[in-house]
Amino acid sequence: MFFHGILNMRILLIHADRFSFRVTGETSVSMPSELEKASREGEIAECLVVFMAAEKGDEADVDSVVNQVIEEVLSLADQLGTRHLVIYPYAHLSSTLSSPRVAVRLFDEICRQLQSHDHFKILRAPFGYYKAFEIGCKGHPLSESAKTITPGRPAKGSAEAEESEAIRAEKTLKSEWIIMTPDGEQVSAEDFSFAARPNLERLYRYEKSGTRVSDQAPPHIELMRRMELVDYEPGADPGNFRWYPKGQLMKRLAEAYVSGLVTDHGGMQVETPIMYDYQHPKLSLYLQRFPARQYVLLSGQKEYFLRFAACFGQYLIQHDMQISYHHLPSKLYELAHYAFRREQSGELAGLKRLRTFTMPDLHTLVEDVEQAKEEFLRQTELAMQCMEGFELDFEVAIRFVRDFADQNRSFVEEITSCCGRPALMELWDERFFYFVAKLEFNFIDALDKAACLSTVQIDVENTERFDITYVDKNGEKQYPLLLHASISGSIDRVLYAILETQAMAMTKGRKPSFPFWLAPIQLRLVPVSEKFDGPCKQVLKKVPYRIDYDDRDITMGRKIRDAEREWIPYILVLGAREVAEQCLNVRTRDGAQRKMALPELLAKIEPQMKEKPFLGLPLPQCLSRRPIFVG
RNA sequence: GCCGGCGUAGCUCAGGGGUAGAGCAACUGAUUCGUAAUCAGUAGGUCGCGGGUUCAAAUCCCAUCGCCGGCUCCA
């Protein structure tokens, strides 16, 4: 039903002073029955002529196409005040025609429905014949209009028609909101005292009302540009960003970190295609579950959609795998680079919400509910560790189908105690989604808005839909349960959260900083004058981190200022005094200065890199050789 | 997608029917400097893109694209 693409019905509407046609010959798809339904020739004054061509994509959902064509025609006829219609099959509007069978069905239905409006006089031209026509177009602004009809995207004005079953269901879904404390206590969210957890209250209010007014742009947007990390790309579709060297480095480090955590946890890393066949039977079933927000692309005569998650690529692998109960739990992992969601333009928000983003996606097949719970907890711990590595604070939300929560009370308590903080719990009476349990780590940003980062879910639907099976002890095929997990959430969104966190720190008068392992430049060497170039080169050779060298011909005050504005964790000043004392003057983010010998400094830095990935400088080491990317 | 705001130099912005402006950055020169902005000079623009009104449009009108915010949405 939400199955649509770009190969869809075209109609051309022309308001004419006069229109006439006559059949001139047969084509390869001529059907004599058409001549009975329509006329061999006809003439009409003052009318709306509807030229139509049915396309391949229409075959998926004839009813929806018919409804939309009717709506377009009625609305235009109404505006023009005309009562005469001409229905004219016109294959030349399309290069990818549907089958004649479908086209005839479509035209029949459109005519039948239009005829039911008795104030119309309809002239119908036959399908499948060569025809000659003459037309006198009125030429006013409304007199010519072309439309492409998209099945499944129903007529304007029927807002609910645009929603999938699942989304519609969510609207009517009754939620109960509870706060669950780490020691297992449950309090209705309305009665809970949030004094110690203001962000949890923000999450609850945000979730309950779904909105938060703001007249400001999220502060990370200015930061991502000023810090030369990420920027808008006017040459692309909105929500597709360009990544400058520093941002690209941070992204690669974050990806390497998350992938390392997941593969150490037993995830088997794979890579799957970014585009899929629209007509694939299993995928089309899956797509029907969700609103149509895909990028669709046409290649030759075939339509493809760009993946919106790594799920189905992995389902298709798991479907083909031979799995026995010995292998469970079995984990496939992909760093989905990229996933595409054609969000509405107004929904895009810097790095928080993009149309193209990178997402770590872990899918774990488990034998039964017991194994699912065990894995769920391990993956929750992993997500905790991940947030710690990124130095991010978050609030926990857990959502359950009520029956599942009732039958697994101790599990629910274990999740909250594992997170070590009170959690917002949502309970649904019925299951509308594919999962029975969902954990989320939500980040609260500088504008008090929530964004979901890590998530773990128990899926009870998709192994059956994608025919993913394992062989049990008795040699019988079984459907496993499936855990979805994104240990960090979208990598882009992690960067958003890091930048928003620093924006909040700045408003509180604190100096912003990146986690040391993620800082694009970790140390900067500042010579007091160019006379110290020699000793500086010696220092550069001995530091195994991302260190650069401010060799520009400007004052030292200026160099310090620039380094501070880049949030560089260690600024090393080298002049006559340091050369004499065989040391460096080290300035840290707190503004303090200390004399340190190089080995002492390296020893201080080392623990900050523990178990974190490392990559080299993303830019020329000498600042004098470094171009400016943003203003 | 709908509603509102914005779009002028690389960046941040002022101007508002009659010669295109500032600060920062860039470039050149001087300066060799001790912890958040050294001094002087030079260059830099299809005023988002496209139409229209006008003797004349960056300025007014229309359309369009982009960004931001709200609605909706967030698999």
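All values reported here derive from a predicted model rather than from experimental measurement.
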Looking at [X] and [Y], what are the two nearest heavy atoms and their distance?
X: A:Leu283; Y: A:Asp277; result: CD1-O, 4.1 Å
X: A:Met504; Y: A:Ile444; result: CE-O, 3.5 Å
X: A:Pro527; Y: A:Lys559; result: O-NZ, 3.7 Å

Begin with the C-alpha distance, continue with both residues' side-chain angles, and end with the deciding distance and a verdict on side-chain hydrogen bond (donor to acceptor under 3.5 Å, both in side chains) for A:Asn442 and A:Tyr206. CA-CA 11 Å; A:Asn442 285 280; A:Tyr206 189 78; over 6 Å; no
For [X] and [N], give me the distance from atom [atom1] to atom [atom2], rounded to whole Å.
X: A:Ile554; N: B:A37; atom1: CD1; atom2: P; value: 11 Å
X: A:Leu574; N: B:U32; atom1: CG; atom2: C1'; value: 15 Å
X: A:Phe340; N: B:A75; atom1: CZ; atom2: P; value: 19 Å
X: A:Lys595; N: B:U35; atom1: NZ; atom2: P; value: 13 Å
X: A:Phe432; N: B:A75; atom1: CZ; atom2: C1'; value: 16 Å
X: A:Asp590; N: B:A36; atom1: CG; atom2: P; value: 13 Å
X: A:Lys438; N: B:C74; atom1: NZ; atom2: P; value: 10 Å
X: A:Tyr570; N: B:U35; atom1: OH; atom2: C1'; value: 17 Å

Between the protein and nucleotides 10-14 of chain B, are there any N/O to N/O pairs under 3.5 Å, and if so, what are the atom names and distances?
unit_1: B:G10; atom_1: O2'; unit_2: A:Gly631; atom_2: N; d: 3.4
unit_1: B:U12; atom_1: OP1; unit_2: A:Arg225; atom_2: NH1; d: 3.2

Salt bridge or not for A:Arg577 and A:Glu581, using N-O below 4.0 Å? no
In terms of side-chain geometry, is the basic nitrogen of A:Arg202 or A:Glu395 positioned less than 4.0 Å from the acidic oxygen of its partner? no
Between A:Thr455 and A:Gln457, does a side-chain hydrogen bond (donor to acceptor under 3.5 Å, both in side chains) hold up when you go through it step by step? CA-CA 7 Å; A:Thr455 179; A:Gln457 304 159 15; 3.3 Å; yes
What are the residues of residues 558-569 of chain A, sorted by number, that bring a heavy atom to within less than 4.0 Å of RNA chain B?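 When residues 558-569 of chain A is checked for heavy atoms under 4.0 Å from RNA chain B, the hits, listed by number, are A:Arg558, A:Ile560, A:Arg561, A:Glu564, A:Arg565.
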Mind checking [X] for me? I need base, sugar-phosphate or nothing, with any heavy atom below 4.0 Å counting as a touch.
X: A:Gly575; answer: base
X: A:Glu578; answer: base
X: A:Ile221; answer: sugar-phosphate
X: A:Lys511; answer: base
X: A:Ala309; answer: nothing

Check: [X] side chain, [Y] main-chain N or O, donor-acceptor pair, under 3.5 Å:
X: A:Arg589; Y: A:Pro512; answer: yes
X: A:Arg546; Y: A:Ala519; answer: yes
X: A:Gln314; Y: A:Asp361; answer: yes
X: A:Arg626; Y: A:Pro620; answer: yes
X: A:Arg493; Y: A:Lys352; answer: yes
X: A:Arg355; Y: A:Glu343; answer: yes
X: A:Thr356; Y: A:Asn240; answer: no
X: A:Glu228; Y: A:Val630; answer: yes
X: A:Glu578; Y: A:Gly575; answer: yes

Cation over ring face, A:Lys511 and A:Trp567, 6.0 Å, 45°: no
For a quick check, with a 4.0 angstrom heavy-atom cut-off, what is the B/S/- contact string for nucleotides 1-7 of chain B, read 5' to 3'? B------
Any chance you could list the contact pattern along nucleotides 39-51 of chain B? Use B for base contacts, S for sugar-phosphate-only contacts and - for none, protein heavy atoms under 4.0 Å, 5' to 3'. -------------
Closest approach to the side chain of [X], judged atom by atom: which nucleotide of [options] is it?
X: A:Glu530; options: B:G69, B:A36, B:U32; result: B:U32
X: A:Phe308; options: B:A36, B:A75, B:G34; result: B:A75
X: A:Ser529; options: B:U32, B:A36, B:G34; result: B:U32
X: A:Val573; options: B:U32, B:A25, B:G34; result: B:G34
X: A:Ile628; options: B:A36, B:A25, B:C68; result: B:A25

Closer to the 5' end of RNA chain B via nearest nucleotide, is it A:Leu348 or A:Phe435?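 This one resolves to A:Leu348.
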Using the [atom1] atoms only, state how far [M] lies from [N], rounded to an integer number of Å.
N: B:A63; M: B:G44; atom1: C1'; value: 32 Å
N: B:A56; M: B:G17; atom1: C1'; value: 7 Å
N: B:A58; M: B:U53; atom1: P; value: 15 Å

Using the side chain to side chain donor-acceptor pair (under 3.5 Å) definition, which of the options A:Arg465, A:His484, A:Lys438, A:His363 pairs with A:Asp459?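 Only one of A:Arg465, A:His484, A:Lys438, A:His363 forms a side chain to side chain donor-acceptor pair (under 3.5 Å) with A:Asp459, namely A:His484.
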Would you say a side-chain N or O of A:Thr555 is under 4.0 Å from OP1 or OP2 of B:U38?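 Affirmative; the distance criterion is met.
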Test side-chain hydrogen bond (donor to acceptor under 3.5 Å, both in side chains) applied to A:Thr364 and A:Gln379, step by step: CA-CA 10 Å; A:Thr364 307; A:Gln379 293 179 15; 2.9 Å; yes
Check RNA chain B for consecutive Watson-Crick or G-U pairs with both distances under 3.5 Å and list the runs of at least three as stems. B:1-7 with B:65-71, B:10-13 with B:21-24, B:26-30 with B:38-42, B:50-52 with B:60-62
Taking only nitrogen or oxygen atoms into account, show me every contact under 3.5 Å that the protein makes with nucleotides 28-30 of chain B, one pair per line with its distance.
none

